[in-house]
Structures are given as structure tokens and as C-alpha cells.
Chemist: 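My questions all concern the structure below.
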Protein chains: 2
Amino acid sequence: MHSKSLATIAKLLFSAEALFLSKNYADVTMTEIAANAGVTKGAAYHHFANKEALYIAMLESALQEKKELFQKAAESSGTCRERLTRLTRVFLELGREKRDVMKLVRRDINNFKDPVRSQLVRAYQSALPEQIQVIVTDGIRDGLLTGDPRLLSWTYAAIVEVMLTGYAERVFENQDAMLEFVTRIFFNGAGIKHLPRGTRKRVTA
Amino acid sequence: MHSKSLATIAKLLFSAEALFLSKNYADVTMTEIAANAGVTKGAAYHHFANKEALYIAMLESALQEKKELFQKAAESSGTCRERLTRLTRVFLELGREKRDVMKLVRRDINNFKDPVRSQLVRAYQSALPEQIQVIVTDGIRDGLLTGDPRLLSWTYAAIVEVMLTGYAERVFENQDAMLEFVTRIFFNGAGIKHLPRGTRKRVTA
DNA sequence: AAAAATACGTACTGGTCGGTATCTTTTGTG
DNA sequence: CACAAAAGATACCGACCAGTACGTATTTTT
């Protein structure tokens, strides 16, 4: 492995990331990825067995990068709510492109058969939902949250993803407003409450 | 337009729906759609200008079908919470395949340029989110919910979609349990609460 | 029942793209 | 500096597929 290889591989991954974000899997050609990286298709096939391998490498690399950021937030100290807010802020502060990588798995998962398929799902889950789950699990232990930890994590991730729409950006003036909205929805629903005099339905005869 | 046409068109739409659900847009061929419908590619191109037109027709037809169901639930009487539960139940009771149609827009939206693109988005939004929004808006009027109505609708839809995962199906014994989870998360967060003594952060000097 | 119009089938084309074979260039090493 | 090994470029192939041209069959209309 020459020293130049690493640079070329990095350029190819970077180029692939941008292209797969802007177009569907099938619409991105190897020639295009290579050209955009400043090399030729031959070079690309020298480093990656095929298109699928390049895609997988790209996605795993991109997700790993995000995972490390989220992990730091998940392992930080403070209340469950503070840590979750911290993680979400990291997420929202990623540039638009960087955030959209998280959506790629959902979009492209149908392109692959099952060995690869679940490999990609695991990569995604370990990057975001599992990091959320670390915090959520602590929240449950501390009596602040109740429910299935994994399901709550997915729910939280789903709510956060709503903030990625253009509409949400227009509604909220800044990220703090977004964060407040997200945590309000999530906690005041999932948190244990001191039921203030007979909240829920009472079976009336 | 001969009488036979309608049947052929319906068969093509049905066939296309099944295939586009099982494979990515680019991986579904016109020959395949036609064969699966019991006709040939020539027949398909007689009724649809091109692959894109067939896809659009299929999706709009499928979404319209769902929309009518949701609309009925949205227009039903009862409390905001009851109506939302009713709509969600209708959604969850659709077969797996029928529900997954709702995800197609998200998956395939990148395949199209902007006239078509927003056309598909509108079709989706009018089918589900806008029906939810009808209920949510009433809830806000009645002082049961607070926040931007459209954003709340999207949030609710996002939470419901979490229930479509295989894991959620395993966690909950039945649909009632799912419904309870979803409404608990959504309402107890979005509903106005009688703040029980100094809930949120107080600026400490 | 002839004519006109619509529905459908068959066969083909033009272009694209993933992948490969092979040649040239660059880089590390003794 | 020689020379092997890796990196990269070029040219090409085979497969596939959207779309078309044109023919035949089946309805409707008159």
C-alpha cells in the first residue's frame, strides 16, 4: 500500500458521499464518482471490488465519524435530559449534508440483500439510536423515563428527524427552540408524571 | 377508451405497486411490470407515456385510496385523542404492504426533479399528515394541544411510523398496546399541563 | 359488415453502465 | 539507480433496459 492510496481512497469516499447524497444509488455511476474524485474508474476499481463495496465503505466511514461525536455526548455527565439535549445539539449542528447521511440507510436499504442489508442497519443503529439508548437507559434507571429503551430511542430519533425538514427550520428561529420542542415532546410524554387528580379515563357505567 | 383498458390499467397499477414496494425504482423494469400484469411492454407503453408516468399514477392512486380512509377517521366525532386513535388504528390495520406504500415517497423522492417531486410530496401530505392536522388543529382550538399544527402532525406521523418496525411489533402484544404507547408519547408531551411547582430551569445567578 | 379507432404484441435500437483486460506511470526499497 | 510492486489510465465488452416502430387483433362506430 503506497502512501498515495490512502489519499485516493479518502477522495473516492468523499466524492461518493456527496454523489450518493444528491442522487439515487443507481443514478450514481462509478465513472462519475471517480471523475469527481479526480481519478479514473480504473483507479476506483483498483481500491474497491465493485460499486457495492464502495458504497458500503463510504457509508460505514461516514457513520463511524458521526458515531464518535454522538458517543462523546452520550458519555457526558449531567441529567438524562441534559445529555440528550447535548447529543441532539451535536446532531443539529452538523451541516445539512452531514446530517442527511443518516437518512441514506433508510433510502437505500432496499438495494441490498441480507448479509449487507443488516450490516448497514447495524452501522446506522450503532451510530445514532444506540447512543441515544445509552442515555435513555440511564433515564429509566433513574426513574425519569418509562418504557422499552430501544423503542423510546427510536421514537426520540424519529422526532429529531422531523426537525430536519425545511418547514421545521422555518418554524423555529434557532436550534435552541428546536431542542426545546423536541425535549418537551419526548420527556413530558415519556417521563413519569405525578398524576394530578384523575387524569385518565375512568370507566363510567 | 375501450372497456378493456380500465382493467389493463388497473392490473398495471397493481403490478407496479407490488414491484416498486419490493425493489428500488431503477431495479423495476417495464417489461417486468407488464409481465406481472399479464400483458406486454407494448401494452404498458400504450397507456403510460413512460416509466415515470406509470410510477406517478401508481403512487397517486394508492395514496388516494388511503386518504379516503384516513379522512373518514379525521372527520369522525369524539375527542381529539379519540379521533387520533381512530385514525391511527385504521393505519395500523392496513396490511403490511398497504402501509409500506406510505414510505415509498420518502424512499423514491430523489428520483424525480421538481415539478414531479413536489407533486408526489403533496399527494403524500394530503393523504396522511394533513388528515392528522385536521384533528390536531381541533385539539389546539380546544386547548388540548399547543404548538405549530403542521409540525405536531408530522411529529405524530413520525412516532406512528416507529410502530411499523419489526421490533415494535415484537414489543407490543397487540395494536391496542401500540396505540396506547403512541398517544401517551404524543399527548402527554404536547398537551398543556398544569405545571406542578417550578418545573423548568430557573436562572440561578 | 365495412371502416375507423383503439388495444396490444413483437422485434428492434440506441445508449448506458458495471466490470475487466491491459498498458503506463509512480513509488518504495535494496 | 535499478527494479519490483502498487497505483492509475485507457479502451473495451457484455448485459440490460427505456423507449420506439410497426404489425396484428379487437372493439366501437356508422
Side-chain angles (χ1 to χ4, degrees), chain A residues 1-59 61 104 108 110-113 115-117 120, chain B residues 1-59 61 104 108 110-113 115-117 120:
Chain A
M1 167 100 66
H2 289 181
S3 58
K4 214 175 164 189
S5 285
L6 290 171
T8 303
I9 290 173
K11 279 192 291 181
L12 282 168
L13 292 176
F14 185 80
S15 164
E17 181 178 332
L19 285 167
F20 282 123
L21 274 173
S22 72
K23 290 196 261 182
N24 249 35
Y25 182 78
D27 290 342
V28 176
T29 72
M30 289 296 275
T31 308
E32 199 178 5
I33 297 173
N36 191 37
V39 294
T40 62
K41 188 161 67 161
Y45 273 98
H46 180 74
H47 293 289
F48 298 96
N50 47 41
K51 187 179 174 180
E52 184 177 288
L54 173 51
Y55 181 89
I56 297 170
M58 177 279 291
L59 199 57
S61 150
L104 277 185
D108 293 334
N110 280 59
N111 292 58
F112 307 100
K113 310 294 167 209
V116 172
R117 193 190 172 90
L120 292 179
Chain B
M1 166 100 64
H2 290 181
S3 56
K4 214 175 162 189
S5 286
L6 290 171
T8 303
I9 290 174
K11 278 192 292 183
L12 283 168
L13 292 176
F14 185 81
S15 164
E17 181 177 332
L19 285 167
F20 282 123
L21 273 172
S22 72
K23 291 196 262 183
N24 249 34
Y25 182 78
D27 290 342
V28 177
T29 72
M30 288 296 274
T31 307
E32 199 178 4
I33 296 173
N36 191 35
V39 292
T40 62
K41 187 161 68 163
Y45 273 99
H46 179 73
H47 293 289
F48 299 96
N50 47 43
K51 187 178 174 180
E52 183 178 289
L54 173 51
Y55 181 89
I56 296 170
M58 177 279 291
L59 199 58
S61 151
L104 277 184
D108 294 334
N110 280 58
N111 293 59
F112 307 100
K113 311 292 166 211
V116 172
R117 194 189 172 93
L120 293 178

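Below, chain A is the first sequence line, B the second, and so on; all start at residue 1. Remember, predicted model here, so these are calculated numbers, not experimental data. All heavy atoms count here, side chains included; hydrogens, waters and symmetry mates do not.
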Chemist: Write out all pairs satisfying salt bridge (charged side-chain N to carboxylate O under 4.0 Å, His left out) with one or both partners inside residues 45-57 of chain B, taking only residues at least two apart or from two chains.
Modeler: none

Chemist: Report the distance from atom CG of A:L6 to atom C1' of C:dT27, rounded to the nearest whole Å.
Modeler: 14 Å

Chemist: Under the salt bridge (charged side-chain N to carboxylate O under 4.0 Å, His left out) definition, can you give me all pairs with a residue in residues 5-14 of chain B, not counting sequence neighbours?
Modeler: none

Chemist: Quick one: is D:dG8 close enough that its OP1 or OP2 comes under 4.0 Å of any side-chain N or O from A:H47?
Modeler: yes

Chemist: Restricting to side-chain contact (heavy atoms from CB on, under 4.5 Å), what partner residues turn up for B:A18, sequence neighbours left out?
Modeler: none

Chemist: Output one line per pair: protein atom, nucleotide atom from nucleotides 15-21 of chain C, and distance, for all N/O pairs under 3.5 Å.
Modeler:
unit_1: C:dG18; atom_1: OP1; unit_2: A:V28; atom_2: O; d: 3.3
unit_1: C:dG18; atom_1: OP1; unit_2: A:K51; atom_2: NZ; d: 3.0
unit_1: C:dG18; atom_1: OP2; unit_2: A:M30; atom_2: N; d: 3.0
unit_1: C:dG18; atom_1: N7; unit_2: A:K41; atom_2: NZ; d: 3.1
unit_1: C:dG19; atom_1: OP2; unit_2: A:Y45; atom_2: OH; d: 2.9
unit_1: C:dG19; atom_1: OP2; unit_2: A:K51; atom_2: N; d: 3.0
unit_1: C:dG19; atom_1: N7; unit_2: A:K41; atom_2: NZ; d: 3.0
unit_1: C:dG19; atom_1: O6; unit_2: A:K41; atom_2: NZ; d: 2.5

Chemist: Mind calculating the distance between NE2 (B:H46) and C1' (D:dA25) to the nearest angstrom?
Modeler: 12 Å

Chemist: Under the side chain to side chain donor-acceptor pair (under 3.5 Å) definition, can you give me all pairs with a residue in residues 25-35 of chain B, not counting sequence neighbours?
Modeler: B:K23-B:E32

Chemist: Return the value, rounded to whole Å, for the distance between atom CZ of B:F48 and atom C1' of D:dA18.
Modeler: 16 Å

Chemist: In chain order, what residues pass the side-chain contact (heavy atoms from CB on, under 4.5 Å) check against B:T8, with sequence neighbours excluded?
Modeler: B:L12, B:V39, B:H47

Chemist: Would you say a side-chain N or O of B:T40 is under 4.0 Å from OP1 or OP2 of C:dT10?
Modeler: no

Chemist: In Å, rounded to the nearest 0.5 Å, how long is the span from CZ of B:F14 to CG of B:L19?
Modeler: 10.5 Å

